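Please read all numbers here as calculations on a predicted model, not as lab measurements.
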Amino acid sequence: MTKPTITAFDWVPPFAEGQVRDLRVRWALEEAGQAYDVLYLSQGEQKEASHRARQPFGQVPTLEDGELTLFESGAIVQHVAETYGKLLPDDRDARARAIEWMFAALNSVEPSIMDLSFVTVFEADKPWSAMRRASVEERIHGRLKDLSARLGDKTWLDGDTFTAGDLLMVSVLRILIDQGFVETYDNLAAYMHRGIARPAFQKALADQMAGFTGEPPEWYAAWAEKQKQGETA
């Protein structure tokens with residue numbers, strides 16, 4: 001049987017190491033006990049026609065599984081869960097709730113977190129970024145407060161069983177790790193750390209980090225210096 005193949009970058013800036021979304025797919029495959037291959041792309045290669053045939057927006061990850069090619073990490077995680085088992089319950093209602101939490105992670109929680117990345121990293125030099133930061137942080141805390149209230153004292157979002165919903169939610173929360181947001185809510189911090197302590201996550205993270213062997217593109221040095229100047233201004 002042919003192993004599925006995912007795409008990943010061979011280099012990213014240091015702040016993105018361990019955060020690129022192929023990690024979510026690697027984690028799902030590790031939880032399912034499914035071996036996979038990796039096609040590494042150098043920076044810029046993701047925008048070429050050969051990769052856009054897999055991913056129309058020129059991003060990673062993608063997954064090729066037999067005749068099927070998928071993009072979007074959430075869709076891929078759901079496919080892995082449905083195909084290889086272990087991440088979606090057999091019970092109809094519990095399965096629906098797990099999928100519900102997958103959507104919640106990506107649609108309700110992650111967008112405000114990514115807004116923070118824009119005002120603090122990608123567009124930190126824009127005159128409006130500093131003005132927006134307080135409102136972005138407020139929205140993040142609003143989402144985390146609601147999530148904390150729903151989680152309560154449960155081990156996982158729907159009780160005692162780790163699902164694809166938890167995998168994506170922990171992945172999203174981890175974007176904020178050690179920044180003081182998740183740590184404000186004791187139960188969320190404990191929940192996040194339970195997730196990243198799982199052996200499948202640790203294996204996926206180690207494999208992603210080991211894949212960063214490429215050289216930075218020509219534009220990176222100038223961009224990094226610009227970011228540094230923004231931090232010290």
Whether [X] side chain and [Y] backbone form a donor-acceptor pair below 3.5 Å:
| X | Y | result |
| --- | --- | --- |
| Gln43 | Val12 | no |
| Thr62 | Gln55 | no |
| Ser112 | Val109 | yes |
| Glu100 | Ala98 | no |
| Glu183 | Gly180 | yes |
| Arg95 | Asp90 | no |
| Gln208 | Val20 | yes |

Of Arg139, Arg174, Arg24, which meets salt bridge (charged side-chain N to carboxylate O under 4.0 Å, His left out) against Glu110? Arg24
Rounded to the nearest 0.5 Å, what's the gap from [atom1] on [X] to [atom2] on [Y]? Could you check?
| X | Y | atom1 | atom2 | result |
| --- | --- | --- | --- | --- |
| Leu116 | Leu176 | CG | CG | 6.5 Å |
| Leu173 | Asp166 | CG | CG | 10.0 Å |
| Gln59 | Arg52 | CD | CZ | 9.0 Å |
| His193 | Leu188 | NE2 | CG | 11.0 Å |
| Tyr40 | Trp11 | OH | CH2 | 16.0 Å |
| Leu106 | Ser171 | CG | OG | 9.0 Å |

More than 12 foreign heavy atoms under 6.0 Å from [atom1] of [X]: is that the case here?
| X | atom1 | value |
| --- | --- | --- |
| Lys47 | NZ | yes |
| Asp93 | CG | yes |
| Lys154 | NZ | yes |
| Arg150 | CZ | no |

Measuring only between side-chain heavy atoms, which start at C-beta, is [X] closer than 4.5 Å to [Y]?
| X | Y | result |
| --- | --- | --- |
| Thr7 | Asp22 | no |
| Glu64 | Arg54 | yes |
| Leu29 | Ile6 | yes |
| Tyr191 | Leu157 | yes |
| Leu205 | Met209 | yes |
| Thr83 | Gln34 | no |
| Val80 | Glu31 | no |

Between His141 and Tyr185, how do the two ring planes meet: parallel, tilted or perpendicular, split at 30° and 60°? tilted
Take the angle between the ring planes of Trp27 and Phe162 and call it parallel below 30°, perpendicular above 60°, tilted in between. tilted
Applying a strict under-4.5 Å side-chain criterion to I, L, V, M, F, W and Y, I'd like to know whether Val60 and Phe57 cluster together. no
For the hydrophobic clusters of this structure (ILVMFWY residues joined by side-chain heavy atoms under 4.5 Å, transitively), does one cluster hold both Leu167 and Phe71? no
Tell me whether Asp207 is salt-bridged to Lys203, with the criterion being a basic N under 4.0 Å from an acidic carboxylate O. yes
Do we see a donor-acceptor contact under 3.5 Å between the side chains of Ser148 and Asn187? yes
